[in-house]
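Contents: one structure, followed by commentary.
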Amino acid sequence: MENKSIIVIGAGISGLAAVYYMKKQLPQARVTLLEASDRIGGKIKTVHRDGFVIECGPEGYMARKPTLTNLIKDIGLGDHLVHSGTGTYYIYVNHRLRKMPEGSVMGIPTRMLPMVTTGLISPLGKLRAALDLLIPRVYHDQDLSLKEFFERRLGSELITNMIEPLLSGIYNGSLSDMSLEATLPQFAAIEKKHRSLILGMKSIQPPKQAGASKKAEGRFLSLSCGLDVLTEKLASYADEIRLKTPVEHVEPGKVTLDDGTFLKADSIILATSPKQLGPLLDFPEAWNLSNDKRTTTATVAFAFKKDEVESLDGTGYVVSRKEGLHITACSFMNYKWPYTAPENYTLIRTYVGTAEDAAVVEESDEEIEKKALTDLRKVGKVGTPLFSVITRQIDNMPQYTVNHNQRVQAFEQALGKIRGVYACGAMFHGVGLPDCVDNAMHVAEEAADEMKESEKAATNL
Ligand SMILES: Cc1cc2nc3c(=O)[nH]c(=O)nc-3n(C[C@H](O)[C@H](O)[C@H](O)COP(=O)(O)OP(=O)(O)OC[C@H]3O[C@@H](n4cnc5c(N)ncnc54)[C@H](O)[C@@H]3O)c2cc1C
């Protein structure tokens, strides 16, 4: 494999993981990483300033998905792994913060008493949600939107006041577009098995252990040194990295750059943003995926002196869309991740912009900062920040709209016919960091296997 070459396009977590797994499979092959921007990391970006560790993109990942944790340990960063702190989470609705009822999972109740007593839902809304116990199945192996699925099962009030703020905090999309099968297939499976979501969710909750410590570990993991250390380390596995090198076209064995020059490779792995897929590959199934909806969002992180901020008995809140605020969620970052702010300081991160309120993200830094601060002050007492860090993702967040899985399958079938060209990334099988790493690992294994086979075939000739 010494004279074999591989090109990976895109230096986000997907491309970086692909580099790592290719080198693991084929240490002798030469791996070149091409990145359009002037930095590696893609959506992962960490700002280290005045003792603050500010994650501008992902802040951590779901601990129950092991691939990324294994990768982190393999590359020697395991000592930096930290679990998130736990704490109450709130929803800002009807002009006040209300606790998420205990036992609710993604807004779906699994315990009756907290649901009966919560002020988040009116008595009528609770009765409507309880109908879930009686009504027949809604999902019949035919994809539908999250809005349709949850509305028919649980009613619109639970959606507006609990499910939508939580899910749009995670996915930044509109529930009426988002695919049940691609985004939350576990709920389709639960309904299939138990019919009622409430009963099904209840049956899969781990039993509360008597005498269990109240300060349990959070469900998220991150790196106390900052996620940029992970991306830097992964990048070090590439034999060559070319920044500011946008790729314009890909065909078997050949990558054309935007200056008209081209590079040759035995294997090419695309790990770009969703909108690039069509232009780069130029076949209908690729265009179908890259023409799908994308959304726009920004994060605004504020550094405060501790006494400038009213403390919160919890780790943050999401905002119901009917409140009409620009911020959709707010995390007290150092309550979750103590290393993110020095002692006596507070780091707050807000999310700004939704599918319906994208224009705000394109406003000036001053304007976004002003709007986010105004909203924060509607919810709690907040003084003057020491500084803020604004990060935009314009038209760059993939949305899994209804029938996404079918489009991905069609794409993968079509791509399978193009020899030596592969694709991975957040636009296919999950947007979470572990999903991206999983996808990159499988694609790299497939690419490496094919290279090994063609090498074997060549030597047998
Ligand atoms: C604000 C925010 C918070 C998030 N929070 C979490 C979280 O807490 N946990 C979690 O698990 N996930 C989270 N996510 C999701 C996760 O961060 C992303 O899904 C993941 O980082 C995407 O990685 P990727 O490598 O597939 O794509 P990207 O990171 O978008 O990387 C694609 C790369 O390709 C490059 N590129 C594009 N076109 C070309 C071209 N033509 N030629 C060369 N290079 C090109 C781009 O410049 C970019 O560097 C969050 C995302 C955001 C934006």
Side-chain angles (χ1 to χ4, degrees), residues 7-19 32-46 54-65 67-69 84 169-172 218-222 227-228 230-231 234-235 241-250 255-258 263 268-281 290 294-301 328-329 331 333 336-337 349-353 361 389-400 423-440 443:
I7 287 180
V8 176
I9 308 168
I13 187 69
S14 303
L16 292 165
V19 166
T32 303
L33 178 61
L34 306 179
E35 165 57 43
S37 73
D38 60 358
R39 52 175 287 277
I40 63 143
K43 293 192 176 81
I44 296 181
K45 184 178 166 200
T46 315
I54 303 168
E55 295 297 356
C56 304
E59 61 184 78
Y61 64 93
M62 291 290 274
R64 71 179 159 79
K65 299 181 173 180
T67 322
L68 180 51
T69 306
S84 57
I170 299 169
Y171 295 102
N172 181 250
R219 290 179 297 134
F220 273 78
L221 278 168
S222 195
L227 290 170
D228 59 335
L230 166 67
T231 54
L234 287 173
I241 302 175
R242 293 202 196 176
L243 299 178
K244 298 191 210 162
T245 307
V247 172
E248 266 203 358
H249 190 65
V250 172
V255 160
T256 307
L257 306 180
D258 76 331
L263 302 169
I268 300 163
I269 301 182
L270 282 93
T272 63
S273 338
K275 63 183 158 208
Q276 296 297 327
L277 213 55
L280 287 181
L281 290 170
S290 69
R294 295 177 294 272
T295 56
T296 288
T297 188
T299 57
V300 189
T328 56
S331 286
M333 295 298 281
K336 266 200 255 183
W337 312 104
R349 183 166 88 153
T350 58
Y351 276 75
V352 176
V361 177
V389 178
I390 299 170
T391 312
R392 296 173 177 81
Q393 294 293 341
I394 294 181
D395 195 26
N396 200 23
M397 304 286 282
Q399 289 298 289
Y400 293 178
C424 61
M427 77 204 94
F428 299 112
H429 299 286
V431 297
L433 298 175
D435 305 310
C436 295
V437 172
D438 236 15
N439 187 209
V443 164

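Along the sequence shown, residues carry numbers from 1. Ligands are counted one by one from 1 in listed order, and the atoms in each one are counted from 1 as well.
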Output block, N or O contacts of ligand 1, threshold 3.5 Å exclusive:
| unit_1 | atom_1 | unit_2 | atom_2 | d |
| --- | --- | --- | --- | --- |
| ligand 1 | 8 (O) | Glu59 | N | 3.3 |
| ligand 1 | 8 (O) | Gly60 | O | 3.3 |
| ligand 1 | 9 (N) | Gly60 | O | 2.7 |
| ligand 1 | 11 (O) | Leu433 | N | 2.7 |
| ligand 1 | 19 (O) | Val431 | O | 2.5 |
| ligand 1 | 25 (O) | Ile13 | N | 3.1 |
| ligand 1 | 25 (O) | Ser14 | N | 2.9 |
| ligand 1 | 25 (O) | Ser14 | OG | 3.2 |
| ligand 1 | 26 (O) | Ser14 | OG | 2.7 |
| ligand 1 | 26 (O) | Ala426 | N | 3.0 |
| ligand 1 | 29 (O) | Lys43 | N | 2.8 |
| ligand 1 | 30 (O) | Lys43 | NZ | 2.8 |
| ligand 1 | 41 (N) | Val247 | O | 3.0 |
| ligand 1 | 42 (N) | Val247 | N | 3.0 |
| ligand 1 | 44 (N) | Ala36 | N | 3.0 |
| ligand 1 | 47 (O) | Glu35 | OE2 | 2.6 |
| ligand 1 | 49 (O) | Glu35 | OE1 | 2.7 |
| ligand 1 | 49 (O) | Glu35 | OE2 | 3.1 |

SG of Cys424 to CG of Asn439: how many Å apart, nearest 0.5 Å? 5.5 Å
Could you grab the distance from atom CG of Asn396 to atom NZ of Lys43, nearest 0.5 Å is fine?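 Going from CG on Asn396 over to NZ on Lys43, the span is 4.0 Å.
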Identify, with sequence neighbours excluded, every residue that meets side chain to side chain contact (heavy atoms under 4.5 Å, CB included) alongside Asp395. Lys275, Arg294, Thr296
Set of ring-ring contact (aromatic ring centres under 6.0 Å, His included) partners for Phe428, sequence neighbours left out: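 Phe428 satisfies ring-ring contact (aromatic ring centres under 6.0 Å, His included) with Phe411 once adjacent residues are dropped.
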Those residues that, when tested against Lys65, pass side-chain hydrogen bond (donor to acceptor under 3.5 Å, both in side chains) (two or more places apart): Asp435
With no hydrogens and no angle check, do the side chains of Ser331 and Tyr351 hold a donor and an acceptor under 3.5 Å apart?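 Per modelled atom types, Ser331 and Tyr351 side chains form no pair under 3.5 Å.
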